[in-house]
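Just so you know, these numbers come straight off a predicted model, no measurement behind them.
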Amino acid sequence: MKGFLLNILLFISLTPSVCVYGQQEQREPLPAEQEISLKYGADRLGKRQDAAMQRFRENRLGLFIHWGLYAIPGGEWNGKTYKGAAEWLKSWAGVSSDEWLQLMERWNPTKFNAKSWAKTARRMGAKYVKITTKHHEGFCLWPSKYTKYTVANTPCRKDILGELVKACNDEGIDVHFYFSVMDWSHPDYRYDIKSKEDEEAFGRFLDFTENQLKELATNYPSVKDFWFDGTWDASIKKNGWWTAHIERMLKEMIPGVTINSRLRADDFGKRHFDSNGHLMGDYESGYERKLPDPVLDLKVTKWDWEACMTIPENQWGYHKDWSLSYVKTPCEVLQRIVHAVSMGGNMVVNFGPQADGDFRAEEKKMAEVIGNWMSRYGEAVYGCDYAGWEKKDWGYYTRKGEDVYMVVFNAPYAGKLNVKVPNGVKITRACVVNGEEVKAEEIARNEFNVDMPSGKMDGPFVIKLTIDHASDKSDKYLKAKT
Ligand code: JFZ
């Protein structure tokens, strides 16, 4: 709890006063007869079951990429280093938009190679790349015709987004678009609507944003997902109709496209979950610091969700100095990936490439270690879901059909991994994935001990359990009683 409060305080202190992030409070949905009628609430109840959603869900691991002008100063402005998120530097250092956007003259990522980014993602085991088409600063990685602040007007001139989409598609990697509605470069953006003038300006801004989204969907029709951000301001909350309209429009333009809950606000400005407690969009978008508790938060297994995480603390864009905060180890990153999957969610791990277009050494190493682990144990991640078994201290369960995986992060000195099985379930075989078979012994009713592998395990490992739904008649503990 203390850690949680500290995180919240840290987060609030890092957050400029102009924005208030929407909290994803979710309460039990109201009984149907007490529901209020909403024009812009959830479009659907329960999980989407179509093939595109299935694919989103089965991919499970994504690579987030935050890349924009902020990579150039890398957290430092006029000789001063700012500890906050590098992609927010404009705000921390109080830089005007005009001055900030002059960074475009220095946008010349000579080492950028879309193919090598796509290969890094694939080797890491990521099934999709989520790329910032436009972050809060307003600079577009594609040559948008609706603003001059784009890659087209830089020394590099390349359509970074187009190249990446093509390279990823060639590698069999899905592309998801991050898009910030809040745009610091646009004079018509408003944080709130307090006058007729605000209303008119923001109306023009919404048209501009809609045009950009249409442009993205038209020019890059293989995009699989739009991940909206920068939607927490009062101005957008007062225009819930627009968020519902945009979701519908994109879905008409790109059949199967998936959209995160952060886009949406309902008739009353309620975000993520509507005023009746129903999820809007196709999946809840959350953050690593709010990963659901594996015991207390099982409600999240009722809907699709995706969390994203950074390697240092809350640094998404490139920051020169990673010594300013704790930097997670590959094992800690893996644990969060598996934690998410064990509760029916996806995880997106973030990289913030350098201004020259290369990934920093720590990120390359991370991709390699995660990739090696995924190539051996990935079957416990891809296509897996919540297993429905009681959580144990040694790690997490994931499940694919009748196969249950034990992903062990904390090896017990006792040498036995205790497993509580649901009623009527027997473990008939236990085998380290791509390794030896281990003994699974029934030690009490609904309880097994699985042996630790005899070989040396130099990191988290996975045991695959084959299970059988034995009838109660064959249950020796039940028999002993009668
Ligand atoms: C937002 C952005 O402001 C940030 O720059 C980055 O792009 C990130 C992926 O998204 O930041 C947030 C928004 C909400 C939370 C955390 C970071 N949150 O609800 O915990």
Side-chain angles (χ1 to χ4, degrees), residues 18-26 29 35-45 48 53 56 130 132-136 138 146 176-184 186 188-194 198-218 223-287 303-306 308:
V18 286
C19 85
V20 180
Y21 291 118
Q23 291 301 306
Q24 293 159 61
E25 298 154 30
Q26 206 272 336
E35 287 201 356
I36 51 176
S37 120
L38 293 170
K39 260 169 122 175
Y40 310 114
D43 301 312
R44 177 197 72 251
L45 298 183
R48 249 174 73 174
M53 192 71 217
F56 172 96
K130 268 189 146 71
T132 49
T133 58
K134 176 177 92 165
H135 203 265
H136 311 332
Y146 299 102
H176 294 190
F177 286 170
Y178 165 108
F179 184 95
S180 170
V181 175
M182 176 171 78
D183 183 331
W184 294 331
H186 203 290
D188 288 331
Y189 187 74
R190 293 291 180 276
Y191 293 99
D192 199 353
I193 314 290
K194 291 190 164 145
D198 284 341
E199 197 179 314
E200 284 165 8
F202 199 66
R204 290 191 296 273
F205 177 79
L206 292 180
D207 289 345
F208 155 76
T209 307
E210 177 168 337
N211 282 332
Q212 284 205 320
L213 289 165
K214 274 189 191 144
E215 182 176 52
L216 284 170
T218 308
V223 61
K224 296 284 184 289
D225 174 89
F226 280 83
W227 196 96
F228 286 93
D229 193 20
T231 47
W232 43 72
D233 285 323
S235 50
I236 298 161
K237 289 199 267 181
K238 288 176 182 173
N239 283 280
W241 69 270
W242 181 84
T243 68
H245 160 69
I246 289 296
E247 180 170 340
R248 231 162 275 160
M249 174 189 92
L250 291 173
K251 285 182 170 171
E252 269 164 34
M253 292 183 74
I254 302 184
V257 76
T258 52
I259 299 195
N260 68 340
S261 60
R262 180 160 295 115
L263 168 65
R264 296 286 300 276
D266 78 359
D267 314 37
F268 300 96
K270 181 91 176 56
R271 301 181 56 232
H272 295 278
F273 292 90
D274 71 16
S275 300
N276 291 319
H278 302 306
L279 182 73
M280 294 180 283
D282 300 312
Y283 61 97
E284 186 190 8
S285 39
Y287 288 86
W303 56 83
D304 284 298
W305 61 276
E306 176 193 73
C308 52

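Of all heavy-atom pairs between D183 and G138, the closest is OD1-CA, 3.3 Å. The shortest non-hydrogen separation linking L38 to S275 is CD1-N, 3.9 Å. Minimum interatomic distance between S285 and H272 (heavy atoms only, all atoms of both residues): O-CE1, 3.9 Å. When every heavy atom of G230 is checked against every heavy atom of Y189, the shortest pair comes out as O-OH, 4.4 Å. The two atoms that bring L250 and V257 nearest to each other are O-CG1, 3.7 Å, heavy atoms only.
Side chains of F56 and D225 form a contact here, defined as non-hydrogen atoms less than 4.5 Å apart. You'll find the side chain of V181 stays beyond 4.5 Å of the side chain of D229, heavy atoms only. By the 4.5 Å heavy-atom criterion applied to side chains, I259 and W227 are not counted as neighbours. Side-chain contact between I246 and L263 is present, with heavy atoms from C-beta onward closer than 4.5 Å. In this structure the side chain of L213 reaches within 4.5 angstrom of the side chain of F228, judged on heavy atoms. Y178 has its side chain out of reach of K134: every pair of non-hydrogen atoms, C-beta onward, lies at least 4.5 Å apart.
Every residue two or more places apart in sequence or in another chain that forms a side chain to side chain donor-acceptor pair (under 3.5 Å) with D282 is listed here: R44, R48, K251. A search for salt bridge (Lys or Arg N to Asp or Glu O under 4.0 Å) contacts involving D207 returns nothing, not counting sequence neighbours. By the salt bridge (Lys or Arg N to Asp or Glu O under 4.0 Å) test, K224 pairs with no residue at all, sequence neighbours left out. Annotation: side chain to side chain donor-acceptor pair (under 3.5 Å) contacts of T243 (sequence neighbours excluded): none. Residues that satisfy the ring-ring contact (aromatic ring centres under 6.0 Å, His included) test with W305, not counting sequence neighbours, are absent from this structure. With sequence neighbours excluded, the residues that form a side chain to side chain donor-acceptor pair (under 3.5 Å) with K214 are E210. Considering only residues two or more places apart in sequence or on other chains, Y40 meets the side chain to side chain contact (heavy atoms under 4.5 Å, CB included) condition with W241, A244, D267. Remark: E35 pairs with no residue by the salt bridge (Lys or Arg N to Asp or Glu O under 4.0 Å) rule, at least two apart or across chains. Checked against side chain to side chain contact (heavy atoms under 4.5 Å, CB included), A42 has the following partners two or more places apart in sequence or in another chain: D274, H278, M280. Judged as a salt bridge (Lys or Arg N to Asp or Glu O under 4.0 Å), and not counting sequence neighbours, D266 has no contacts. For the side chain to side chain contact (heavy atoms under 4.5 Å, CB included) test, residues two or more places apart in sequence or in another chain that qualify with E200 are K196, R204. By the side chain to side chain donor-acceptor pair (under 3.5 Å) test, T231 pairs with R271, sequence neighbours left out.
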Can T209 and W242 be said to form a side-chain contact (heavy atoms from CB on, under 4.5 Å), step by step? CA-CA 11 Å; T209 307; W242 181 84; 3.7 Å; yes
R190 vs D233, side-chain contact (heavy atoms from CB on, under 4.5 Å): CA-CA, chis, key distance, verdict: CA-CA 8 Å; R190 293 291 180 276; D233 285 323; over 6 Å; no
How far apart are the C-alpha atoms of Y191 and M182, what are their side-chain angles, what is the distance that settles it, and do they pass the side-chain contact (heavy atoms from CB on, under 4.5 Å) test? CA-CA 9 Å; Y191 293 99; M182 176 171 78; 4.0 Å; yes
Pair E306, R262 - check salt bridge (Lys or Arg N to Asp or Glu O under 4.0 Å), show working. CA-CA 11 Å; E306 176 193 73; R262 180 160 295 115; over 6 Å; no
Please lay out, stage by stage, how E247 and E252 fare under the test side-chain contact (heavy atoms from CB on, under 4.5 Å). CA-CA 9 Å; E247 180 170 340; E252 269 164 34; over 6 Å; no
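Taking 4.0 Å as the cut-off between side-chain N and carboxylate O, D198 and K238 do not count as a salt-bridged pair.
Using modelled atom types and a 3.5 Å distance limit, the side chains of H136 and S180 yield a donor-acceptor pair. In this structure, a donor-acceptor pair under 3.5 Å is absent between the side chains of N260 and Y283.
The aromatic rings of H186 and F208 sit tilted relative to each other, their planes meeting at an angle between 30° and 60°.
Interatomic distance, NE2 of H245 versus CG of N239, reported as 11.5 Å (0.5 Å rounding).
Paired with L216 under the rule side chain to side chain contact (heavy atoms under 4.5 Å, CB included), one option of T133, V223, N211 passes, and it is T133.
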